[in-house]
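Notes follow once the structure below has been shown.
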There are 2 protein chains.
Amino acid sequence: MKLEEELKQKTFGSPYRRMAVNVMFTGNWLQKEFSCQLKQYGISLQQNNVLGILRGQYPNPATLGLIQDRMLDRDSNATRLVDKLLEKGLVTRCQCPDNRRKVDIVITEQGLELLKKTDTIMQNLEEKFCQINPEEATQIGEFMDRLRERSC
Amino acid sequence: MKLEEELKQKTFGSPYRRMAVNVMFTGNWLQKEFSCQLKQYGISLQQNNVLGILRGQYPNPATLGLIQDRMLDRDSNATRLVDKLLEKGLVTRCQCPDNRRKVDIVITEQGLELLKKTDTIMQNLEEKFCQINPEEATQIGEFMDRLRERSC
DNA sequence: CCCATATAGTTGTATATACAACTCTTGTAT
DNA sequence: ATACAAGAGTTGTATATACAACTATATGGG
């Protein structure tokens with residue numbers, strides 16, 4: 001559905017305004033699509049994101065700082081996200097022996113198993129973007145990168 | 001900055017995955033840019049959004065249902081957002097005389113004044129998208145509309 | 001060695017989001 | 001009329017987000 005119908009608004013003033021609103025709206029929409037699907041496995045989008053980061057490091061541990069740096073939403077509180085994953089047995093956490101300020105976080109077997117399942121979800125959802133061909137997907141990605149460049 | 005540097009990730013598997021992650025990330029980034037600027041006026045992005053909707057109806061009243069339908073984030077609780085605006089004297093709220101289930105919400109002079117200021121902020125931010133020309137902005141908007149079409 | 005400063009996490013708190021349950025009002029079928 | 005379902009908001013609660021203050025540890029200069 002076009003943005004105008006979606007928000008019942010006739011016009012957005014400028015193409016820039018329409019673009020900005022549309023990117024925010026579509027980003028929110030995407031997050032809801034994903035998190036809605038993830039709910040059946042009892043984890044949130046951010047939690048899944050953290051698990052993915054930990055898999056990237058596996059079998060090495062990651063610190064909270066490293067996780068925070070790579071999260072989609074940097075302001076989510078990594079400590080508490082990891083708390084949740086710990087409760088579910090998806091990660092282990094222990095004080096780093098070299099530097100006791102740090103904590104080493106490692107994904108568990110169970111966490112890796114769960115990721116396999118959520119990967120499938122993600123893939124299925126991505127296959128539904130059939131209105132966009134792969135070249136366009138690439139182009140959209142490039143546009144997003146440029147949108148965030150604010151050197152001026 | 002490219003998404004790969006931003007999230008310190010080498011690759012995103014498929015162009016669709018990269019696109020999806022990038023739209024979510026960029027949408028969040030945009031929302032933070034805007035809400036950060038709005039903070040100086042003591043309102044949130046959603047509150048500003050509601051004020052804009054009310055201005056669209058002005059001088060007619062809007063009901064909560066109408067507001068909810070047009071909000072960028074539909075799950076935000078319109079009742080409580082309006083509460084906040086009411087506290088600040090930016091809107092008035094009273095029971096609709098025709099149908100006492102409804103409430104009529106109208107933006108105040110003060111609310112309209114505030115919107116003038118936040119409009120400027122928005123415009124300034126939009127002008128900073130200098131890496132994107134107007135034609136590209138239009139194209140991005142169209143891509144977003146198509147991305148949300150999931151007829152298959 | 002001691003102190004100031006920087007680092008790495010944790011905790012607290014206010015606000016926002018998601019979702020369900022609840023209240024009051026209206027419309028409709030018997 | 002009366003009862004029952006639908007409509008429009010409100011409230012409650014659990015979780016998440018934003019941001020600041022706090023604790024513990026490490027480092028480097030006098």
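Remember, it's a predicted structure, so these values are computed and weren't measured experimentally. Convention: sequence-line order gives letters A, B, ...; per-chain numbering from 1.
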- Would you give a per-nucleotide map of nucleotides 14-19 of chain D, 5' to 3', where B means the base has a protein non-hydrogen atom under 4.0 Å away, S means only the sugar-phosphate does, and - means neither? --SSBB
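Closest approach of Gln139(B) to Gln139(A), counting heavy atoms only: NE2-NE2, 3.5 Å. Annotation for Leu38(B) and Leu45(B): closest pair CD1-CA, 3.7 Å, computed over non-hydrogen atoms.
In this structure, CG of Leu66(B) is placed 13 Å from C1' of dA8(D), rounded to the nearest angstrom. Taking atom CD1 of Ile105(A) as the reference point, atom C1' of dG9(C) lies 10 Å away to the nearest angstrom. In this structure, Asp69(A) places its CG atom 10 Å from P of dA8(C), rounding to the nearest Å. Residue Gln68(A) contributes atom CD, which lies 10 Å from atom P of dT10(C) at whole-angstrom precision. Computed from coordinates, the Asn99(B) CG to dG27(C) C1' distance equals 10 Å when rounded to whole Å. The NZ-P distance, from Lys102(B) to dG7(D), rounds to 12 Å in whole Å. In this structure, the CG atom of Asp83(A) is 7 Å from the P atom of dT10(C), given to the nearest Å. When the P atom of dG7(D) is taken as reference, atom CD of Gln95(B) falls 19 Å away, rounded to whole Å.
In this structure, the side chains of Leu81(A) and Asn49(A) stay at 4.5 Å or more apart for every pair of heavy atoms. Asn48(A) places a side-chain heavy atom less than 4.5 Å from the side chain of Met122(A). With contacts defined as side-chain heavy-atom distances shorter than 4.5 Å, the pair Asn22(A)/Phe12(A) does not qualify.
Which of dT10(C), dG7(D), dA26(D) sits closest to the side chain of Arg101(B) comes down to dG7(D).
Each of Pro97(A) and Thr79(B) was assigned the nucleotide of DNA chain D with the nearest heavy atom; the assignment lying further toward the 5' end belongs to Thr79(B).
The closest side-chain donor-acceptor pair between Asn28(A) and Gln31(B) falls under 3.5 angstrom.
Side-chain to base pairing of Arg100(A) with dT25(D): no donor and acceptor N or O lie closer than 3.5 Å to each other.
Taken from CE in Met144(A) to CZ in Phe143(B), the straight-line distance is 9.5 Å, to the nearest 0.5 Å.
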